[in-house]
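Remember, it's a predicted structure, so these values are computed and weren't measured experimentally. Position 1 is the first residue of the sequence, and the numbers go up from there. Note that ligands are numbered from 1 as they come in the structure, with each ligand's atoms numbered from 1 the same way.
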Amino acid sequence: MAFITIEGIEGSGKTTLLDGVLGALRAAGRDPLATREPGGTPAGDAMRAIFLDLESALNPWAETLLLNASRAQLVAEVLRPALGAGRIVLCDRFVDSTIAYQGYGRGLDIERVRQICDIASNGLTPDLTFFVDVCVTTSQSRVLARSQTADRIENQDPAFHERVRGGFHELARQHERIVVLDGEASVEAVIAAAMRAFEARVR
Ligand code: T5A
């Protein structure tokens, strides 16, 4: 049993890494579960759609509470049962994203944001977190290459994304569970570095 989260700014390669780690674990005979935030449950997916919609004029605290409503549902409906069954769970984003985006990015009081996240996560903390780090220029060119239409968060200015990236670096300094991976390296190199960290810390 292990709870592993993957963090980083937009287009940093989290989903690509998650797929790579999933494949490596399955090849080793494991049966991991993969999910994501916001979303991962029917109710959470509906909240994700509201959260990302450009038409949603969300107040930053409403945004924080919405993300954490989705999280509370995911913890109760998916994460706890899977971990309780002894599975390895990989989650694309978790509490660190809320601290980085709503705390550092939006500028909300970080302690109050953390208190809300604590209610939603209900004591669940990752065993290992991969922070896939890329610069904002790389992030923006990857997001643009994928689609010409940005969602509500991708639409924020570069200074916002710099603050979010800085927030992830600050969290990595504070928490030993966070492993910083160079997301500018090749996909194969990022996956290999993650698997080395997994074997050293989880097995
Ligand atoms: N959010 C979320 C908050 O504000 N607060 C919160 O609490 C939470 C939980 C949705 C949004 O929600 C916000 C943050 C987000 O804005 P999301 O669905 O995770 O979160 O959205 P994104 O971060 O935008 O996810 P992306 O799919 O855009 O990015 P990924 O998963 O990091 O990147 P990925 O793997 O899809 O790769 C992007 C492109 O880069 C290439 C891939 O092939 C792909 O084309 N790529 C690489 N290219 C070269 N070298 C590598 N190493 C590469 N890795 C990937």
What is the nearest protein non-hydrogen atom to [atom], stated with its residue, atom name and distance?
atom	answer
atom 5 (N) of ligand 1	Q102 OE1, 2.9 Å
atom 18 (O) of ligand 1	R48 NH2, 2.6 Å
atom 31 (O) of ligand 1	T15 OG1, 2.5 Å
atom 12 (O) of ligand 1	F51 CE2, 3.2 Å
atom 30 (P) of ligand 1	K14 NZ, 3.3 Å
atom 37 (O) of ligand 1	T16 OG1, 3.7 Å
atom 8 (C) of ligand 1	S97 CB, 3.7 Å
atom 24 (O) of ligand 1	E10 OE1, 3.1 Å

* **Closest approach of R165 to V134 (non-hydrogen atoms, all atoms of both residues)** => NE-O, 3.2 Å
[X] N/O under 3.5 Å from ligand 1 N/O:
X	answer
E37	no
G11	yes
L17	no

* To do: Determine whether L65 and I119 fall in the same hydrophobic cluster, where Ile, Leu, Val, Met, Phe, Trp and Tyr are linked whenever their side-chain heavy atoms lie under 4.5 Å apart.
  => no
* Find out whether R201 and D127 are in side-chain contact, i.e. whether some heavy atom of one side chain is under 4.5 Å from a heavy atom of the other. => no
* Got E37 and L67 here, is their nearest side-chain heavy-atom distance under 4.5 Å? -> no
* Less than 4.0 Å between atom 45 (O) of ligand 1 and some protein heavy atom, yes or no? -> no
Would you kindly specify which portion of [X] sits under 4.0 Å from ligand 1, judged on non-hydrogen atoms: side chain, backbone, both or neither?
X	result
A145	neither
R142	side chain
E63	neither

* Asked: Please walk me through it: do E154 and R146 pass salt bridge (Lys or Arg N to Asp or Glu O under 4.0 Å)?
  -> CA-CA 12 Å; E154 289 166 353; R146 191 182 49 193; 3.0 Å; yes
* **Check: F160 main-chain N/O paired with D157 side-chain donor or acceptor under 3.5 Å** => yes
* Look up atom CG in L144 and atom CZ in R142, then write down how far apart they are to the nearest 0.5 Å. => 13.0 Å
* Might you work through the side chain to side chain contact (heavy atoms under 4.5 Å, CB included) test for R93 and E7, ending with a clear yes or no? => CA-CA 5 Å; R93 300 190 180 280; E7 300 282 5; 4.0 Å; yes
* Which hydrophobic side chains are connected to I6, either touching it within the sub-4.5 Å cutoff or through other members that do? -> I4, L17, L18, V21, L22, L25, I88, L90, L128, F130, V132, V179, L181, V187, V190, I191, M195, F198, V202
